[in-house]
Each structure stands twice: as structure tokens, then as C-alpha cells.
Amino acid sequence: MACPAGRAETISLQPVADTTLIQLAFGNNLGGATYFNAGSSGNGGFLNRALIRYDLSSIPAGSVITSVSLTFDVIRQAQSGSENSFFSLRRLLQSWGEGGQLAENESSPGLGSPAGPGEATWNSRFAGGANWSQPGGAEGVDYSGTLSSTAWSAATGEQMYFGPTPALMADVQSWVGQPGFNFGWMLRTESESLERTARMFASRESGFGPTLVIEFSPVPEPDLWALAGLSVVSLLAGLRGRRPRA
């Protein structure tokens, strides 16, 4: 059946991987928790950077991406003295391992537990294997220097919304065309020198992680009647070419 030209479709996706890079606990992983963190702490301004990735295989190859947005649920922030800042999404340029660690000490839930082999940490993309170009990742090498989208920080119980931007759509468009380069995004504060900007977000393990909404137009399938017409034309042309000579 033919796809009407210009038909738009919308899909809503949950992450297939999300985790936290923890500067204070640089050898730890938090990939199995029901939350992940981004921003700076109040105990010296140690940084957290979040990684998140989606499976885009449900979007047909050749589709044209027309809109992309992400919504993060904020579930915790500093109890006192919390600071606001812009947060950004930046396209990741290197692969990484989500991991499955939980908080070793519930009084410090953001510190995770010692990473197992292949799990992402502040120092490593895959613990025991490949490291980041520099701890926490290097701009222009491990993650893009271009901001895909920005959002103002939200309070506990609110949502942080990254609206459609040309860069965000370009990220998804490139991943649909080249799935092998889909390493997802890094979420970080753009005021990393400011303390107490940290936010805790619901992860995919919570049952409802950050929601990615994509609008796209599939490439129209060839019209069956048009194909039949082309076949008839080709057949007639072939018959004319085989007419007996006088």
C-alpha cells in the first residue's frame, strides 16, 4: 500500500540507556538506579554529567525528521541553597556502557558503587577498557562543542523541556541515516563553576524515563498504479523495438 506523500508521523520513545558520570566518585557507576544526575554539588562543586541514548530503529530509513523534543522529570534538588542554571544537551561522539550499579550508601545516593567491567564512569567510557579523552569527557572529542538544545533548570516535581531546535533535529536525522554513530546525548549544566545546580532526574529504570518525541515524514512508497503504468510503457516500448523489418 502506498504511503501518502507528506504524511507526518509521531513517535514517543523511552531511553535504552542512561547513567551518570560522577566526578567525586570517579571510579563509580550509577547505571542501574531509578535516577541519574546532572549539575554541580554543594560539597565543593563536584560535577555530574548524565548520558542518555535512544533506539531509533523504529523510524524508517530515509525519513525526514521535522521535530524533536525531550522532557526530563526532576525528582530531587538541593534541599537548601539550590541554584538555577541553563542545562544543555550535547551530541556524544563516543560509545559508552550504561552499567547496572546502584547506590552503595543510600545516604549518598548520587555516588553510586564501584563500576564493573565495561561500565561508564567519570574516567572511563568502559571501565577496565577505553577511557574518555579526559576525565568527564572532552569537548570536541567525546562530546560535541555545539549545544543541541538548552533548557532552564526546573524544580523538584517539575519537568525540564528541551524544545525543537535545528541542531536537535540534525542529531536525530544523522542517527537515522547512520545508526552506528548513535551514541546519544550528554546532559550537563552550562554553569559548571557554580555550586548547587545539581538536579536528579527519573531514569528509564523508574518505569518512565526522559521522553523523546520525534515527528517525521517517511519516504513515500511507490504508488502501485504508477508502477503498473511504468511496466506497461516499458512493455510497449519493447514491443515497438522488436517490430519486423519491411
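The model shown is predicted, which means the values in this text are computed figures rather than measured ones.
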- Query: Going from CG on L30 to OG1 on T20, what distance comes out if it is rounded to the nearest 0.5 angstrom?
  - Reply: 4.5 Å

- Item | F126, CZ atom: more than 12 neighbouring heavy atoms under 6.0 Å | yes

- Would you name the heavy atoms of I22 and G112 that are closest together and state the gap between them? CD1-N, 4.2 Å

- Task: Without swapping roles, check the side chain of Y35 against the backbone of R76 for a donor-acceptor pair under 3.5 Å.
- Result: no

- Item | Stepwise side-chain contact (heavy atoms from CB on, under 4.5 Å) check, Q173 with Q178 | CA-CA 9 Å; Q173 187 73 69; Q178 297 179 297; over 6 Å; no

- Message: List the residues meeting side chain to side chain contact (heavy atoms under 4.5 Å, CB included) with N182, not counting sequence neighbours, and say none if there are none.
- Response: R53, L56, W175

- Near R196 CZ, under 6.0 Å, is it more than 12 heavy atoms from other residues, nucleotides or ligands? yes

- Query: Do Q159 and T71 get their side chains close enough for a donor-acceptor pair, meaning under 3.5 Å?
  - Reply: no

- Where the side chain of W122 meets the backbone of N28, is there a donor-acceptor pair that is under 3.5 Å apart? no

- Task: Check the hydrophobic clustering (I, L, V, M, F, W, Y; side-chain heavy atoms under 4.5 Å; chains of links allowed) and say if V68 and I11 are grouped together.
- Result: yes

- Between S206 and S203, which heavy-atom pair has the shortest distance, and what is it? OG-O, 2.6 Å

- Any chance the side chains of E195 and S40 put a donor and an acceptor closer than 3.5 Å? no

- Task: Would you check if the side chain of T121 reaches a backbone N or O of G27 as a donor-acceptor pair within less than 3.5 Å?
- Result: no

- If you measure from CE on M200 to CG on D73, what distance do you get to the nearest 0.5 Å? 13.5 Å

- To the nearest 0.5 Å, atom CD of Q101 lies from atom CG of L111 at 13.5 Å

- Message: Is the distance from the ring center of F162 to that of F72 below 6.0 Å?
- Response: yes

- Is a donor on one side and an acceptor on the other found under 3.5 Å between the side chain of E205 and the backbone of T34? no

- Message: Could you tell me if the side chain of D55 sits less than 4.5 Å from the side chain of L13, heavy atoms only?
- Response: no

- Side-chain donor or acceptor of E190 paired with backbone N/O of F86 under 3.5 Å: no

- Does R199 pair with E158 as a salt bridge, N-O distance under 4.0 Å? no

- Non-hydrogen side-chain atoms of P210 and P15 separated by less than 4.5 Å: yes

- Item | Residues Q14 and T211: side-chain donor-acceptor under 3.5 angstrom | yes

- Task: Could you walk me through whether F183 and W96 pass ring-ring contact (aromatic ring centres under 6.0 Å, His included), step by step?
- Result: CA-CA 8 Å; F183 307 126; W96 47 279; 9.1 Å; no

- Query: Under 4.5 Å between any side-chain heavy atoms of S69 and E215, yes or no?
  - Reply: no

- Can a donor-acceptor pair be found between the side chains of N84 and S153 at a distance below 3.5 Å? yes

- Task: Kindly check if the number of other-residue, nucleotide or ligand heavy atoms within 6.0 Å of CZ (F181) is above 12?
- Result: no

- Task: May I ask whether L51 and Y54 are part of the same hydrophobic cluster, defined by side-chain heavy atoms of I, L, V, M, F, W, Y residues being less than 4.5 angstrom apart, directly or through others?
- Result: no

- Item | Nearest-0.5 Å distance that lies between atom CD in E139 and atom CG in L93 | 10.0 Å

- Query: Ignoring hydrogens and geometry, is there a side-chain-to-backbone donor-acceptor pair from S63 to P60 under 3.5 Å?
  - Reply: yes

- Task: Taking all heavy atoms of D142 and all of S133, pick out the closest pair and write down the distance.
- Result: OD2-N, 2.8 Å

- Task: Specify the closest pair of heavy atoms between E104 and S113, including all atoms of both residues, with the distance to one decimal.
- Result: N-OG, 3.1 Å

- Message: Using the rule that Ile, Leu, Val, Met, Phe, Trp and Tyr join whenever any side-chain heavy atoms are under 4.5 Å apart, tell me whether W132 and F46 fall into a single cluster.
- Response: no

- Message: Please say yes or no: joined through hydrophobic side-chain contacts below 4.5 Å, possibly via intermediate residues, are L212 and F216 part of one cluster?
- Response: yes

- Determine, stepwise, if the pair R49 / Y143 fulfils side-chain contact (heavy atoms from CB on, under 4.5 Å). CA-CA 11 Å; R49 294 173 173 175; Y143 62 90; 3.8 Å; yes

- Item | Interatomic distance, M186 atom CE to R90 atom CZ [nearest 0.5 angstrom] | 8.5 Å

- Message: Hydrophobic cluster membership, with links at side-chain heavy-atom distances under 4.5 Å among I/L/V/M/F/W/Y: are F36 and L47 in one?
- Response: no

- Item | Value rounded to 0.5 Å, distance of CZ in R188 from CG in L21 | 11.5 Å

- Query: Is N123 reaching over with its side chain to a backbone N or O of P135, donor-acceptor style, under 3.5 angstrom?
  - Reply: no

- Item | Side-chain (S82) to main-chain (Q77) donor-acceptor, under 3.5 angstrom | no

- Query: Is a side-chain donor-acceptor pair under 3.5 Å present for D171 with W185?
  - Reply: yes

- Query: Looking at side-chain heavy atoms only, is the closest gap between L70 and L168 below 4.5 Å?
  - Reply: yes

- Item | side-chain contact (heavy atoms from CB on, under 4.5 Å) between I75 and T156, worked out | CA-CA 5 Å; I75 60 175; T156 302; 5.6 Å; no

- Query: Counting only N and O atoms by type, is there a donor-acceptor contact under 3.5 Å from the side chain of N29 to the main-chain atoms of A120?
  - Reply: yes

- Task: Scan L187, L147, T150 and name whichever one has a side chain to side chain contact (heavy atoms under 4.5 Å, CB included) with L89.
- Result: L187

- Task: Provide the closest heavy-atom pair for S217 versus A8 in the form atom of the first, atom of the second, distance.
- Result: OG-CA, 4.2 Å

- Task: Verify side-chain hydrogen bond (donor to acceptor under 3.5 Å, both in side chains) between S191 and T197, making sure each step is shown before the conclusion.
- Result: CA-CA 8 Å; S191 300; T197 62; over 6 Å; no

- Task: Look at the side chain of T165 and the backbone N and O of S148, then say whether any donor-acceptor pair between them is shorter than 3.5 Å.
- Result: yes

- Query: Any ion pair linking R125 and E119 (charged N to carboxylate O, less than 4.0 Å)?
  - Reply: no

